[in-house]
Amino acid sequence: QVQLVESGGGLVQAGGSLRLSCAASGRTFSRYDMGWFRQAPGKEREFVAANNWRGGKDYADSVKGRTTISRDNAKNTVYLQMDSLKPEDTAVYYCAAEVVLRQSATRVRKRADEYQYWGQGTQVTVSS
């Protein structure tokens, strides 16, 4: 069982920055694929960014160029640095994890149904 705890959300003005953190339990964090998703009111959960266990990364087009995902395996933590925030970035942000069983796995997971473990979410509100 993997437990995920997000932090770092809050209220920020448009153009501002936030860094979200997600701390994971377990002793094999280096073998977790990690992802960030978000869900705005009345909308479906959508992919934001992912960082797989091999260091591969991918981003949604809507955040590309203003968002950076990174991980610190020594701290069992994945980060989401968001800059130039826009009101449309307002959502609950969720961290997700999937334990990688095969060393041959290289792709970056972008679908919510590819992740087994989820955090409780952290609210990000961007005011105009």
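Between the CD atom of E88 and the NZ atom of K43 there is a distance of 8.5 Å, given to the nearest 0.5 Å. The OG atom of S30 sits 7.5 Å away from the CZ atom of R71 when rounded to the nearest 0.5 Å. A distance of 11.5 Å separates SG of C95 from OH of Y79, quoted to the nearest 0.5 Å. In this structure, CH2 on W36 lies 14.5 Å from CD on E46, to the nearest 0.5 angstrom. If you take CE on M34 and CD on E98, they are separated by 11.0 Å, rounding to the nearest 0.5 Å. For the atom pair CG (L80) and CD1 (I69), the distance works out to 6.0 Å, reported to the nearest 0.5 Å.
Using a 4.0 Å cut-off between charged side-chain N and carboxylate O, R109 and D58 make no salt bridge. Between R38 and E44 no salt bridge is recorded (no basic side-chain N to carboxylate O distance below 4.0 Å). Ionic pairing of K64 and D61 is present here: one or more N-O contacts between side-chain nitrogen and carboxylate oxygen are shorter than 4.0 angstrom.
Between the side chain of Q39 and the main chain of V92, no donor-acceptor pair closer than 3.5 Å is present. Looking only at distances, no side-chain donor or acceptor of E6 sits under 3.5 Å from a matching main-chain atom of T122. Under the 3.5 Å distance criterion, the side-chain polar atoms of T77 are matched with a main-chain donor or acceptor of K75.
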Taking only distance into account, with no hydrogens and no angle test, what donor-acceptor pairs under 3.5 Å do side-chain atoms of residues 10-27 form with protein atoms, sequence neighbours excluded?
residue : atom : partner : partner atom : Å
S17     : OG   : D83     : OD1          : 2.7
S25     : OG   : Q3      : N            : 2.7

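Residues E114 and K110 come closest through the heavy atom pair OE1-N, 3.0 Å.
Of the candidates T106, V100, V108, D33, R54 forms a side chain to side chain contact (heavy atoms under 4.5 Å, CB included) with just one, namely T106.
Contact check for S70 versus V78: no side-chain heavy atoms found under the 4.5 Å cut-off. A heavy-atom distance below 4.5 Å is not found between the side chains of T90 and V124. At least one side-chain heavy atom of T68 sits under 4.5 Å from a side-chain heavy atom of Y59.
Applying the ring pair (Phe, Tyr, Trp, His ring centres under 6.0 Å) rule to pairs touching residues 94-120 yields F37-Y115, F37-W118, sequence neighbours excluded.
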Take Q123 and Y93 through the side-chain contact (heavy atoms from CB on, under 4.5 Å) test and state the conclusion after the steps. CA-CA 6 Å; Q123 177 71 47; Y93 283 70; over 6 Å; no
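Hydrophobic clustering of Ile, Leu, Val, Met, Phe, Trp and Tyr side chains at less than 4.5 Å, counting indirect connections, unites Y32 with L101.
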